[in-house]
2 protein chains.
Amino acid sequence: MGRTAGRTPEDTRRLLIAAAAEVIRARGAGATLDDIAAHAGVSKGGLVYHFASKDELLRALAQSRLDEFRGWIDAELDPDDEAPGRYTRAYIRALLAPEQDQAAARESIALIAQLMTIPAVAEIARADALRLDADLRADGLPPEVLRLVVAAADGANMAPFWGGDLGGEDELRQLERRLIRLTREPALWQNLPWDRD
Amino acid sequence: MGRTAGRTPEDTRRLLIAAAAEVIRARGAGATLDDIAAHAGVSKGGLVYHFASKDELLRALAQSRLDEFRGWIDAELDPDDEAPGRYTRAYIRALLAPEQDQAAARESIALIAQLMTIPAVAEIARADALRLDADLRADGLPPEVLRLVVAAADGANMAPFWGGDLGGEDELRQLERRLIRLTREPALWQNLPWDRD
DNA sequence: GTCTATACGTCGATAGAC
DNA sequence: GTCTATCGACGTATAGAC
């Protein structure tokens, strides 16, 4: 019999992933395995038993974040909404949802961006992005409207990461409403007199 | 007198920054000072003479990238364009300009994102972003149009970083044309029937 | 099967010779 | 101004307690 009290290996793994997220958020990029292990209440060797390398731990952390984000989209899906673009609308709401504060949003994005430098993480992130794009393309919106709306949502979401300060919360809410409106009535965008003048 | 042949300290610094960029692009995040120094033709100790720490070297690299990006915007400024939104149009062109290939764009963005995890780099990036936002806000466009256009350009620019695959080059060019059109005629966006339905 | 303790190799940083 | 030599810290690997 092992040494732990009532704690399954899965619990320990989750504990370690959560500790990694917290320590990296607090200490930044240079967080050590000792820090993470101590924060989870185990030794560094104990950590290595569950995750053979630091990269594997960070890969698991990245996967949990990607799954979490996918969960946010699903949570924003409106059961009464059966019209084309329903998934895109959930995507917009998930991306533009107000976070606790700007700093938290910036740190969360910085964490993902940082993990992207690990090849294994870049790979699963790319696979996730491809699946997400496929879901969005299957959502029934005209391609050029989808591209505009997704790009705008992505850009607005990334803004805090770069540290800029373009407009406040009210303007962000207005942008969210208008992007969602475009998904409901794509002709608004398509029928603008683009080639006149 | 020192030991070098005809090379000024400034030359050596530029050489080391260029070597850092190249080695990090090739080897990824784990590039060592030895690798970078060897690639520039000096020893690790020689590198450390010019940059007291690895962070300082990477800070200089980040600054050079930020300056380079600012230069791209200035290069896209149309001398004959005096209308409101001229700086925003240059910003859009600089961000959506086709790079050599998608992989190069992704690596370039990944480099910046990776450097952002260093506190000193995050600070200068934030200062740069604030100055850029101030320039954009002073460009004479209605705030809600500016926000949409900048968010869409940012998001389209970041797309390769996440590894997704939403549409091709032609669609990107169309998006660029339409965003620029909106800066020339903001009323197109403002006068849409947002609250109807 | 789960974890602790410990040893090993590498890297960033420092000191001092030339 | 650049080098060699060396130190301390970290990621990795492993032997063994329970």
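All chains are named by letter (A, B, ...) in the order of the sequence lines, taking the proteins before the strands, and each is independently numbered beginning at 1. In this text, all values refer to a predicted model and were calculated from it rather than measured experimentally.
- Residues meeting the side chain to side chain donor-acceptor pair (under 3.5 Å) test with B/Asp55, sequence neighbours left out: none.
- Atom-to-atom, CG of A/Leu33 to P of D/dC10 comes out at 10 Å; the value is rounded to the nearest Å.
- When heavy atoms are screened at a 4.0 angstrom cut-off, A/Ala37 is found touching no nucleic acid atom at all.
- Taking every heavy atom of residues 40-53 of chain A and every atom of DNA chain C, pairs under 4.0 Å involve A/Val42, A/Ser43, A/Gly45, A/Gly46, A/Tyr49, A/His50, by number.
- A straight line from NZ of A/Lys54 to P of D/dA9 spans 16 Å, rounded to a whole angstrom.
- A rotation axis mapping the C1' atoms of four pairs onto the next four is fitted at both ends of the helix from C/dG1-D/dC18 to C/dC18-D/dG1 over five pairs, and the angle between these axes is 0° to 10 degrees.
- Partners of B/Arg147 according to the side chain to side chain donor-acceptor pair (under 3.5 Å) rule, which considers only residues two or more places apart in sequence or in another chain, do not exist here.
- Evaluation of the salt bridge (charged side-chain N to carboxylate O under 4.0 Å, His left out) rule for A/Arg173 yields A/Glu169, A/Glu176 as partners, not counting sequence neighbours.
- A/Leu130 belongs to no hydrophobic cluster with other residues, because no ILVMFWY side-chain heavy atom falls under 4.5 Å from its own, directly or through intermediates.
- By the side chain to side chain donor-acceptor pair (under 3.5 Å) test, B/Asp78 is found to be paired with no residue, residues two or more places apart in sequence or in another chain being considered.
- Side chain to side chain, A/Tyr91 and A/Asp154 meet the donor-acceptor criterion of an N or O pair below 3.5 Å.
- If you measure from atom CD of B/Glu56 to atom P of C/dT14, you get 11 Å, rounded to the nearest angstrom.
- Contacts of residues 13-27 of chain B with DNA chain D (heavy atom under 4.0 Å): none.
- Shortest non-hydrogen contact noted between B/Ala153 and B/Leu179 is N-CD1, 4.1 Å.
- The stretch residues 131-142 of chain A participates, sequence neighbours left out, in these side chain to side chain donor-acceptor pair (under 3.5 Å) pairs: A/Arg70-A/Asp135, A/Thr88-A/Asp139.
- Every side chain to side chain donor-acceptor pair (under 3.5 Å) that B/Asp67 has, sequence neighbours left out, goes to B/Gln63.
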Side-chain atoms of residues 186-193 of chain B: list all donor-acceptor pairs with protein atoms under 3.5 Å, sequence neighbours left out, distances to 0.1 Å.
{"residue": "B/Gln190", "atom": "NE2", "partner": "B/Glu144", "partner atom": "OE2", "Å": "3.2"}

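- Residue B/Pro9 places its side chain closer to D/dG1 than to any other of D/dG11, D/dG1, D/dT2.
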For residues 41-52 of chain B, run the donor-acceptor check on the side chains, cut-off 3.5 Å, and write out each pair with its distance to 0.1 Å, sequence neighbours left out.
{"residue": "B/Ser43", "atom": "OG", "partner": "B/Gly45", "partner atom": "N", "Å": "3.4"}
{"residue": "B/Ser43", "atom": "OG", "partner": "B/Gly46", "partner atom": "N", "Å": "3.1"}

